[in-house]
Amino acid sequence: MKNKDTFPEDQGAHIEREQEEEPAVGAEGAPEELQSSEPAKVETMGMTPEEVAKIAQEKEEYYDRLLRTQADFDNYRKRIQKEQASLIKYGAENVLREILPVVDNLERAVDSARKHGDSNFQLREGIELVLAQLRETLGRLGVKPVESVGAPFDPNKHDALIRVHAPDAPEGVVVDEIRKGYYLHDKVLRPAQVTVGTHEQVGDS
């Protein structure tokens with residue numbers, strides 16, 4: 001049985017053939033046939049410098065337009081979020097304003113019952129209970145009364161119905177409250193109707 005030994009000269013020929021079969025590698029590690037010798041021509045695709053400049057300008061214009069569109073969308077989204085928050089916070093404004101006269105009437109009923117002493121005690125107690133529950137409910141919804149008597153007159157939250165001569169009070173201070181005013185959170189739901197004191201002599205009307 002013959003030995004099929006590989007001689008050194010045969011091994012050298014085998015290595016030489018493997019080296020011949022490997023593709024040539026360029027300076028950047030890619031096969032030479034995949035490297036372009038004229039990259040500028042490939043990028044411009046044979047266009048003139050004027051055409052390249054025009055495309056670059058259009059690219060900038062499209063990018064600026066995209067930025068403006070994105071900014072407009074962000075502003076729109078913020079505006080919608082603000083309107084939704086305002087709707088949640090003040091959405092019941094009209095309904096609550098319609099309820100306030102009911103509160104006024106209940107308060108008048110309580111005052112009237114108190115003036116008649118204890119003869120209508122049970123009725124007064126029932127009305128006071130209903131009024132207290134209504135005030136508590138309004139408070140949970142963000143409704144709170146406007147402080148008026150003793151405060152300086154503020155046209156943003158006070159409606160001056162009468163001016164009276166009040167030499168002992170500071171000028172322009174509210175001396176009496178005719179109808180109570182209310183806030184809804186930080187917004188005036190209904191201004192208070194008040195009497196304002198002045199140091200000037202007020203003629204009879």
Side-chain angles (χ1 to χ4, degrees), residues 64 67-205:
D64 292 340
L67 291 180
R68 287 195 297 270
T69 302
Q70 183 176 0
D72 291 340
F73 178 76
D74 289 341
N75 292 334
Y76 171 77
R77 178 176 54 82
K78 292 176 181 178
R79 186 173 68 253
I80 291 299
Q81 290 177 345
K82 184 177 180 181
E83 290 176 355
Q84 289 177 342
S86 178
L87 181 61
I88 293 173
K89 191 173 183 179
Y90 302 108
E93 179 177 355
N94 293 332
V95 175
L96 293 173
R97 191 178 289 114
E98 293 295 328
I99 294 176
L100 294 182
V102 179
V103 179
D104 297 337
N105 291 331
L106 289 175
E107 289 177 342
R108 294 189 188 100
V110 169
D111 291 339
S112 177
R114 286 173 179 172
K115 290 178 181 179
H116 287 82
D118 295 334
S119 59
N120 294 321
F121 176 75
Q122 292 182 344
L123 176 62
R124 188 187 72 185
E125 189 178 44
I127 295 175
E128 287 178 345
L129 179 61
V130 173
L131 179 60
Q133 290 177 337
L134 185 55
R135 285 173 174 169
E136 183 180 356
T137 301
L138 292 175
R140 288 198 301 267
L141 296 174
V143 178
K144 57 184 179 180
V146 173
E147 298 298 332
S148 299
V149 177
F153 173 76
D154 185 348
N156 295 316
K157 57 185 179 181
H158 298 140
D159 185 9
L161 297 184
I162 305 173
R163 292 174 71 245
V164 297
H165 179 60
D168 297 333
E171 179 69 25
V173 167
V174 175
V175 296
D176 191 19
E177 184 179 64
I178 301 172
R179 189 187 69 176
K180 189 174 296 184
Y182 291 91
Y183 293 107
L184 176 57
H185 302 293
D186 55 351
K187 181 179 180 181
V188 175
L189 180 62
R190 186 183 74 178
Q193 294 179 346
V194 298
T195 299
V196 181
T198 178
H199 292 171
E200 301 176 359
Q201 291 291 340
V202 180
D204 295 334
S205 56

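Nearest approach of Leu96 to Leu184, heavy atoms of both residues: CD1-CD1, 3.8 Å. Heavy-atom minimum distance, Lys180 versus Pro145: CD-CB, 3.8 Å. Nearest heavy-atom pair, Val196 versus Ala160, reported as atom, atom and distance to 0.1 Å: CG2-CB, 3.8 Å. Across every non-hydrogen atom of Ser148 and Val174, the tightest pair is O-CB, 3.2 Å. Taking all atoms of both residues into account, the shortest heavy-atom contact from His158 to Pro152 is CE1-O, 3.5 Å. Across every non-hydrogen atom of Val103 and Tyr182, the tightest pair is CG1-OH, 3.6 Å.
A salt bridge links Arg77 with Asp74: the closest approach of a Lys/Arg side-chain nitrogen to an acidic carboxylate oxygen falls below 4.0 angstrom.
Counting non-hydrogen atoms of neighbouring residues, nucleotides and ligands closer than 6.0 angstrom, the CZ atom of Arg163 reaches no more than 12 such neighbours.
Taken from CG in Leu100 to CZ in Arg179, the straight-line distance is 8.5 Å, to the nearest 0.5 Å. For the atom pair Leu138 CG and Lys144 NZ, the distance stands at 14.0 Å (nearest 0.5 Å). Taken to the nearest 0.5 Å, the CG atom of Leu129 stands 11.0 Å off from the CG atom of Leu106. Within the model, atoms CG of Leu87 and CD1 of Ile80 stand 11.0 Å from one another, a figure rounded to the nearest 0.5 Å. Atom CD in Glu177 sits 11.0 Å away from atom CG in Leu161 (nearest 0.5 Å). Taking CG of Leu141 as the reference point, atom CD1 of Ile99 lies at 8.0 Å (rounded to 0.5 Å).
Applying the side chain to side chain donor-acceptor pair (under 3.5 Å) test to every pair with at least one member in residues 81-104, sequence neighbours left out, gives these pairs: Tyr90-Asp186, Glu93-Arg97, Glu93-Lys187, Asn94-Arg97, Asp104-Arg190.
Applying the salt bridge (charged side-chain N to carboxylate O under 4.0 Å, His left out) criterion to Glu147, with sequence neighbours excluded, gives no partner residue.
Judged by distance alone, with hydrogens and angles left aside, the side-chain atoms of His199 form no donor-acceptor pair with the main-chain N or O of Asp168 at under 3.5 Å.
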Is there a side-chain contact (heavy atoms from CB on, under 4.5 Å) between Val173 and Phe153? Walk through the geometry before answering. CA-CA 5 Å; Val173 167; Phe153 173 76; over 6 Å; no
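Of the residues Val188, Leu189, Val194, the one that meets the side chain to side chain contact (heavy atoms under 4.5 Å, CB included) test with Lys157 is Val188.
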